[in-house]
Peer 1: 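Sharing a structure below in structure tokens format, with a few things to ask.
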Amino acid sequence: MAPTVPQPRVPQPRAPFEQSDPVRQWYENELGWATAPEPGPVRLLTGLRFDVLELPAEAGFAALRHLGPKAPVALRGETMRLLVSAGSAEELPGLLDWLEWGHIPLGLTAVGAGGRMDAPTPPGWSGSRGAAVWLRPPEPGCEVEPTLPALPSLPGVGGGGTALRSDPAVGSGLVRLVDTAATQCHRVRLRRRSRQPLAFS
């Protein structure tokens, strides 16, 4: 009797993503933002027109004063997402080190090139419970890039890649936002820690 060999499994084709999804169309047509070509909830591609700083919402609300009034801000649950200029995600670790926050766990992360962000419900639309929402929505027909915090070009940067903190350009844009966000994240972390009961052995 000859041994039988099982037939190879043929993978099921993936369901195509819904190109006619009104949320996808709003982001692609009204804003000109790229969306991920995948089924399921619409996700925005980061690293093309913007990167995203993610931090606890409690810390994020305190950091909002350092954002321009037109810089888009999203909220999903307990996480706030601040849109910043493309390329900022790559700069975040070095910037945190330079600001002397590099070795402290803050809960401050960045999503850049190749990343994705859940698309918040467009402003004025009804969304599902728990979906991301815009606190400060982007404006259709307006370029988002000029509204985003960016790393300033610093003529006073030395050969070692550091700048003096007294340089007036350092006090604006991405540097100021990251410093404020890191400070607020650290405060939130300390408050949460102080609420935990002490463990005695």
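All heavy atoms count here, side chains included; hydrogens, waters and symmetry mates do not.
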Peer 1: Do the rings of Trp134 and Trp33 sit parallel, tilted or perpendicular, given the 30° and 60° boundaries?
Peer 2: perpendicular
Peer 1: Backbone N or O of Pro120 within a donor-acceptor pair of the Tyr27 side chain at under 3.5 Å?
Peer 2: yes
Peer 1: Counting N and O atoms only, with roles assigned by atom type, does the side chain of Arg76 sit under 3.5 Å from a partner on the main chain of Ala119, one being a donor and the other an acceptor?
Peer 2: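 Looks like no, no N/O pair under 3.5 Å.
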Peer 1: Indicate whether the side chain of Thr79 and that of Glu54 have a donor and an acceptor atom separated by less than 3.5 Å.
Peer 2: no
Peer 1: Pick from Val178, Leu55, Leu148, Val52: which one makes a side-chain contact (heavy atoms from CB on, under 4.5 Å) with Leu82?
Peer 2: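 Checked Val178, Leu55, Leu148, Val52 against Leu82; only one passes side-chain contact (heavy atoms from CB on, under 4.5 Å): Leu55.
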Peer 1: Could you tell me the separation between the CG atom of Leu135 and the CE atom of Met80, rounded to the nearest 0.5 Å?
Peer 2: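 So the CG of Leu135 and the CE of Met80 are separated by 5.0 Å.
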Peer 1: Roughly how far apart are Gln184 CD and Asp179 CG, rounded to 0.5 Å?
Peer 2: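 With rounding to 0.5 Å, CD (Gln184) is 10.0 Å from CG (Asp179).
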Peer 1: Are the side chain of Asp51 and the backbone of Ala89 linked by a donor-acceptor contact shorter than 3.5 Å?
Peer 2: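 It does hold such a pair.
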Peer 1: For the atom pair OG1 (Thr35) and CZ (Arg43), what is the distance rounded to the nearest 0.5 Å?
Peer 2: 11.5 Å
Peer 1: Would you say Pro138 and Arg49 make side-chain contact, with heavy atoms under 4.5 Å?
Peer 2: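 No. Closest side-chain heavy atoms not under 4.5 Å.
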Peer 1: Distance check, rounded to the nearest 0.5 Å: Arg116 atom CZ versus Leu45 atom CG?
Peer 2: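 Rounded to the nearest 0.5 Å, the CZ-CG separation comes out at 5.5 Å.
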Peer 1: Starting at CD of Glu90, measure out to CG of Leu95 and round the result to the nearest 0.5 Å.
Peer 2: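 Result: 13.0 Å between the selected atoms.
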Peer 1: What heavy-atom pair brings Gly102 and Asp97 nearest, and what distance separates the two atoms?
Peer 2: CA-OD1, 3.0 Å
